[in-house]
There are 2 protein chains.
Amino acid sequence: MKTSTPSSSIEDYVKVIYSFTEWQDKPITSTRLAQRLGVANSSVSEMVRKLKDQGLVDHKPYSAITLTGDGVRLAVSMVRRHRLIETFLVQELGYRWDEVHDEAELLEHAVSDTFIERMAAKLGNPLRDPHGDPIPAADGSVQVPAAHRMNELDAGHTGRITRISDENPELLRYLAAEEIDLDAEVEVLGRRPFGGPLVVRIGSGGTPREFDLAEEVASALWVHSEDAHAGCSVTGP
Amino acid sequence: MKTSTPSSSIEDYVKVIYSFTEWQDKPITSTRLAQRLGVANSSVSEMVRKLKDQGLVDHKPYSAITLTGDGVRLAVSMVRRHRLIETFLVQELGYRWDEVHDEAELLEHAVSDTFIERMAAKLGNPLRDPHGDPIPAADGSVQVPAAHRMNELDAGHTGRITRISDENPELLRYLAAEEIDLDAEVEVLGRRPFGGPLVVRIGSGGTPREFDLAEEVASALWVHSEDAHAGCSVTGP
DNA sequence: CTTATTGTTTCGGTATGCCTAAAAATTATC
DNA sequence: GATAATTTTTAGGCATACCGAAACAATAAG
Ligand SMILES: [Mn+2]
Ligand SMILES: [Mn+2]
Ligand SMILES: [Mn+2]
Ligand SMILES: [Mn+2]
């Protein structure tokens, strides 16, 4: 069973399932999906059945939910839309990086393929969005940079910030105020005693400064280490 | 009874009611509204009741439908959205004027006020859209140029094209191919015998050329005459 | 003025997508 | 291995927005 054009709800479900496994690989469950989407568990159960009928997910009752090939294709195209729109809002309309997510969440369902491709062309086919998330190419291929959460790094580790989780707008505003941005050089100095905040040196542009980062902040920052062999994994098309 | 944020359907209903009386003043009936919206008459009856409950229209069963003050305000803001989006698509993303309507029809419901105002600023607060339709200001005031349909003009009349109906995309493509554009100077030469096509001289940019225009074409072109007293009517805020 | 014709509304029904509460399956604890 | 806790699904409902068919009003025609 398939539908000509998926509804915006279906697009969001598939996108959230995909995004969940993008920076880690625990498979997604009904409850987590419900949390991410802000709906009741029962709504997810019903919707997952519909997604299965349409061939977008594989699902056995009471187990995890995974995307089919068609599901991945749809999800990747939605992720491309979302991130291109975010980039466009920042670059062309002067949005701040903490303002773009909600707008993109709606626009991604409303614009045509033509709109997306003209926008991409105008932006010069960017490879990442304002938060460092990779923008899938039009053919569906994705380049995910190899990166680790800053809070998981040992003292002495150096690298560059390659991604900043866009889940919490307040955190983004805090980082902007502190001028912590993508591509800033980072050195992990250590931890305050008794599992205290992470101490790091960050030099974005000017002189490097030291920061005591709370766990929530450090875990939102993804660092790409600079050793020669750290590449990036390419998926698809 | 009122709703916090009107649904896209309600926005479209109100916008169509408003637009119907923008270039002429027959009041709109259920059937015509249904035709414009592409829905069944029965759907309009139900929806008009809802619009009335929300204080957006006045309506006595079996008679015409008119907007209340609130209805006009909502409609004008939707018209502003629609036309700014059309203008943006043409100016910033290289759309042709026959491609913008459908895209704007969806986007107008999806973008935020912030988006609209940043777009307007970037475009320099334009006063008309790619088809010459006036763009209401943010405060709700509208400047409608005084204009007449070309097919209603007598021989000898001169003026400039100030508006081109965007209802028929094919007609827009035809006009673009013939390089008939907004602001072109026009002189009505007369009619072919027995109620035949209208003969006009149009000079858009280069040398004036003569055209035999079918009724459908001539009635889609609105001409602003150049005599001193022709102004424009301002409505609102 | 009475009967057609046309326009409009009401009625019953469908498709989405969400909810709460109850039932069922799974997993954890004893 | 049996019971308790948690997760997931099912059941019954609600809101929105549409439809076709039937009922009802308002005109038009005879
Ligand atoms: Mn979305
Ligand atoms: Mn992002
Ligand atoms: Mn619309
Ligand atoms: Mn227009």
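Keep in mind that what you see is a predicted model, and the values were worked out from it rather than measured. The chains referred to below are lettered A, B, ... by the order of the sequence lines, with proteins before strands, and numbering in each begins at 1.
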| message | Which residues pass the side-chain contact (heavy atoms from CB on, under 4.5 Å) test with A/L67, not counting sequence neighbours? | response | A/V14, A/I17, A/Y18, A/V57, A/V72, A/A75

| field | Euclidean distance, atom CE of residue A/M47 to atom P of C/dA15 [Å, nearest integer] | value | 15 Å

| A/L51 has an atom CG; how far is it from atom P of C/dT16, in whole Å? | 13 Å

| query | How far does CD of A/Q54 sit from OG of A/S7, to the nearest 0.5 angstrom? | reply | 7.5 Å

| Any side chain to side chain donor-acceptor pair (under 3.5 Å) pairs touching residues 58-71 of chain B, not counting sequence neighbours? | B/D70-B/R73

| query | Partners of B/P169 by side-chain contact (heavy atoms from CB on, under 4.5 Å), sequence neighbours excluded? | reply | B/D98, B/R173

| query | In residues 24-32 of chain B, what residues come within less than 4.0 Å of DNA chain C, judged by heavy atoms? | reply | B/T29, B/S30, B/T31

| field | Options D/dA17, D/dT9, C/dC18, nucleotide nearest the side-chain atoms of A/H59 | value | D/dT9

| field | Nearest-nucleotide comparison on DNA chain C, the residue closer to the 5′ end among A/S9 and B/V48 | value | B/V48

| said: I'd like to know if the side chain of A/E103 and the backbone of B/S112 have a donor-acceptor N/O pair within less than 3.5 Å. | reply: yes

| message | If we check side chain to side chain donor-acceptor pair (under 3.5 Å) with A/E108, which of these qualifies: A/R83, A/R80, A/K15? | response | A/K15

| Nearest-Å distance for atom pair CG/P, residues B/D53 and D/dA15 | 14 Å

| said: If the condition is ring pair (Phe, Tyr, Trp, His ring centres under 6.0 Å), which residues does A/H131 pass it with, not counting sequence neighbours? | reply: none

| request: Measure from CD on A/Q54 to C1' on C/dA15 and round the result to the nearest Å. | output: 13 Å

| field | Spatial distance of atom CZ (B/F115) from atom OH (A/Y95) [nearest 0.5 Å] | value | 6.0 Å

Strictly under 3.5 Å: I want the nitrogen or oxygen pairs between protein and nucleotides 22-27 of chain C, one per line.
unit_1: C/dA25; atom_1: O4'; unit_2: A/Y62; atom_2: OH; d: 3.2

| said: Measure CG/A/D12 against C1'/C/dT16 and give the value in whole Å, please. | reply: 15 Å

| note | Sorted by chain and residue number, the side-chain contact (heavy atoms from CB on, under 4.5 Å) partners of A/N168 (sequence neighbours excluded) come out as A/E170, A/L171, A/E216

| task | Classify the side-chain pair B/D129/B/W97 by whether it contains a donor and acceptor separated by less than 3.5 Å. | result | no

| said: Please give me every residue in residues 36-44 of chain A whose heavy atoms get under 4.0 Å of an atom in DNA chain C, ordered by residue number. | reply: A/G38, A/V39, A/A40, A/S42, A/S43

| Presence of salt bridge, A/E11 and A/R81, under 4.0 angstrom | no

| request: Nearest 0.5 Å please: distance from the CD1 atom of A/I161 over to the CG atom of A/L182. | output: 7.5 Å

| request: Looking only at non-hydrogen atoms, find the nearest pair between B/W23 and B/A147 and report the distance. | output: CZ3-CB, 4.4 Å

What's touching nucleotides 2-4 of chain C from the protein side, N or O pairs under 3.5 Å?
none

| request: Calculate the interatomic distance between B/H109 atom NE2 and D/dT16 atom C1'; express it in whole Å. | output: 15 Å

Under 3.5 Å, side-chain donor or acceptor atoms of residues 148-155 of chain A against the rest of the protein: list the pairs with distances, not counting sequence neighbours.
unit_1: A/R149; atom_1: NE; unit_2: A/S219; atom_2: O; d: 3.0
unit_1: A/N151; atom_1: ND2; unit_2: A/E215; atom_2: OE2; d: 3.0

| field | Those residues that, when tested against A/P126, pass side-chain contact (heavy atoms from CB on, under 4.5 Å) (two or more places apart) | value | A/L84, A/T87, A/L123, A/I135

| remark: Ordered by number, residues from residues 101-108 of chain A within less than 4.0 Å of DNA chain C (heavy atoms) are none

| On the ring face of A/F20, is A/R36 found with NZ or CZ under 6.0 Å from the centre and within 45° of the axis? | no

| Picking from D/dT10, C/dC18, C/dT16, which would you name as closest to the side chain of A/K50? | C/dT16

| query | Just how far, in rounded Å, is C1' of C/dA21 from CD of A/E46? | reply | 13 Å

